[in-house]
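One structure below.
Keep in mind it's a predicted model, so treat the numbers as computed, not measured. Proteins get letters first, then strands, A, B, ... in listed order; numbering begins at 1 in each.
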2 protein chains.
Amino acid sequence: MGITERRLREKEKVRSAILSTAWQMVKEEGWQSLSIRKIADSIEYSVPVIYDHFENKEAILAEFANEGFRLLSKKVQQAKEKHKDPVNQLKAMADSYWNFALKNREYYRLMYGVGMACCEGGSLCDKEGFDYFIMEAIKRAIPKSKQPDAHVCLKYHTFWSILHGLVSIKIMESSPVSGELNKMVLDDAVEGFVKNLA
Amino acid sequence: MGITERRLREKEKVRSAILSTAWQMVKEEGWQSLSIRKIADSIEYSVPVIYDHFENKEAILAEFANEGFRLLSKKVQQAKEKHKDPVNQLKAMADSYWNFALKNREYYRLMYGVGMACCEGGSLCDKEGFDYFIMEAIKRAIPKSKQPDAHVCLKYHTFWSILHGLVSIKIMESSPVSGELNKMVLDDAVEGFVKNLA
DNA sequence: TTACATTTGCTAACAGTGTTAGGTAAAATC
DNA sequence: GATTTTACCTAACACTGTTAGCAAATGTAA
């Protein structure tokens with residue numbers, strides 16, 4: 001009964017051909033330009049074959065997102081295992097999270113839906129105007145030692161990152177985990193930021 | 001010579017009709033389902049008329065993104081003006097940023113490209129697995145007082161927000177502002193977080 | 001070996017999308 | 001009144017995701 005097994009193997013081959021071709025496209029041109037027809041063309045099968053393996057286009061992208069989560073998890077775990085002290089562990093995990101995201105941008109984009117067609121050109125949008133207000137306040141909040149401009153700029157970026165991170169996580173989740181918890185997280189993060197200004 | 005002026009007014013009317021119809025669609029069904037044809041249908045003009053007012057679809061969305069930045073800027077400025085103390089100003093600005101984003105989700109999405117088709121269903125992706133590792137480290141890093149689970153969970157969310165915010169800002173920008181600055185921001189934010197654990 | 005059933009893969013279509021070329025009729029200018 | 005300009009539309013091009021229906025190849029049973 002090796003025949004059906006060979007069949008299964010060949011089916012699996014097609015499936016992984018779809019995935020590898022799709023992933024190459026996503027890496028090279030971004031997830032927005034992934035197309036079922038282009039995949040079919042590349043693996044030299046007709047279009048409906050793809051629908052025998054994946055319910056739709058989104059399912060293919062979800063596959064990559066999940067793979068991204070698995071990879072990230074592993075990296076974070078490995079980073080943690082290199083240290084004993086919990087504070088060092090946290091720092092190492094933050095580092096590995098950071099490294100993973102920047103070395104695997106397309107994974108991260110798929111995982112968290114970051115980056116759209118709009119505003120990718122860079123100068124398409126006027127960017128922020130609030131940077132001035134925030135920086136001014138930071139400048140005054142920092143103890144009157146030297147407070148060089150670079151330091152203020154750094155603190156501004158930190159402040160903004162905290163805000164943006166919290167907001168974009170909150171905005172993504174369909175189930176509103178609990179509005180109060182999120183407000184507490186915001187306050188907690190801002191509190192920590194302010195304390196660390198000193 | 002009021003004729004040409006009336007003409008200009010009427011042209012402006014069409015333009016704003018496009019924008020208001022488009023904005024309604026974006027608000028109701030998300031930016032991904034905005035369609036030139038649907039706009040044309042709604043304003044009772046043919047499709048090419050829209051291209052007399054906007055270079056392409058992206059330009060319409062960019063219009064909204066810019067409007068979002070203007071609105072956010074104003075909100076942040078107003079929040080700041082309500083206080084004198086810089087620390088209170090920072091807290092108020094964080095609050096207003098937060099409120100703006102959650103009350104104007106579609107603006108924020110357009111401004112920063114948050115949220116994609118994929119993973120919007122919620123359970124489409126397995127979400128994270130690293131939450132366990134991080135929470136465990138946090139639990140051990142917190143002074144051995146009470147450390148109720150809620151507190152650990154809160155700290156985990158803060159930690160993650162900081163990471164995600166920094167990463168997604170970094171990933172979006174086309175011009176790599178300076179890799180070193182970003183690494184410093186990460187370290188700064190993590191440092192502040194750890195200090196605030198006590 | 002023949003008859004039926006299943007799997008496999010295809011063509012072709014449906015219903016959309018953004019964008020643009022080219023033509024017509026009305027309005028403004030000369 | 002003739003001519004240019006503007007406003008606007010139809011129709012097409014080149015794509016997209018998705019699916020219905022058919023044909024051939026294969027596997028199973030009588």
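Rounding to whole angstrom units, CZ of residue B/R9 and C1' of D/dT6 are separated by 18 Å. Distance B/R15 CZ to D/dA7 C1': 18 Å, rounded to the nearest Å. Separating the CD atom of A/E58 from the C1' atom of D/dT16 is a distance of 15 Å, rounded to the nearest angstrom. Between A/E10 atom CD and D/dG27 atom P there is a gap of 11 Å when expressed in whole angstrom units. The interatomic distance linking B/R37 (CZ) with C/dT19 (P) rounds to 11 Å, in whole Å. Atom pair A/Q32:CD and D/dC15:P shows a separation of 18 Å (rounding to whole Å applied). Between the NE2 atom of A/H53 and the P atom of D/dT18 there is a distance of 16 Å, given to the nearest Å. Whole-Å rounding puts the B/I18 CD1 to C/dG18 P distance at 13 Å.
The shortest distance between the side-chain N/O atoms of A/K11 and the OP1/OP2 oxygens of C/dT8 is below 4.0 Å. For A/S46 and C/dG9, the shortest distance from a side-chain N or O to OP1 or OP2 is not below 4.0 Å. Side-chain N/O atoms of B/S35 include none lying less than 4.0 angstrom from OP1 or OP2 on C/dG16. Between B/Y45 and D/dC9, a side-chain N or O to OP1/OP2 separation shorter than 4.0 Å is absent.
Among C/dT19, D/dT19, D/dC9, the nucleotide with an atom closest to any side-chain atom of B/K57 is C/dT19. Of the candidate nucleotides D/dT19, D/dA12, D/dC9, D/dC9 has the atom nearest to the side chain of B/V49. The side chain of A/I36 lies closest to D/dG17 when the candidates are D/dT19, D/dT10, D/dG17.
Counting non-hydrogen atoms under 4.0 angstrom, A/L34 reaches the backbone sugars and phosphates but no base. Looking at heavy-atom distances under 4.0 Å, B/D52 makes no contact with the nucleic acid at all. Residue contacts shown for B/Y51 include a base, since a base heavy atom lies under 4.0 Å away. Using a 4.0 Å heavy-atom cutoff across all strands shown, A/I50 reaches no nucleic acid atom at all.
Residue whose closest nucleotide on DNA chain D sits further toward the 5' end, between B/V14 and A/K38: B/V14. Judged by closest nucleotide on DNA chain D, A/S33 is the one of A/S33 and A/E55 placed further toward the 5' end.
For NZ of B/K75, the number of neighbouring non-hydrogen atoms (other residues, nucleotides, ligands) closer than 6.0 Å is 12 at most.
Defined by atom type and a distance below 3.5 Å, a donor-acceptor pair is missing between the side-chain atoms of A/Y156 and A/Y132.
Taken from NZ in B/K57 to CD1 in B/I50, the straight-line distance is 11.0 Å, to the nearest 0.5 Å. To the nearest 0.5 Å, atom OH of residue B/Y108 and atom NZ of residue A/K170 are 14.0 Å apart. Between A/Y51 atom OH and A/I18 atom CD1 the span is 10.5 Å, to the nearest 0.5 Å.
Not less than 6.0 angstrom separates the ring centroid of B/Y107 from the ring centroid of B/F69.
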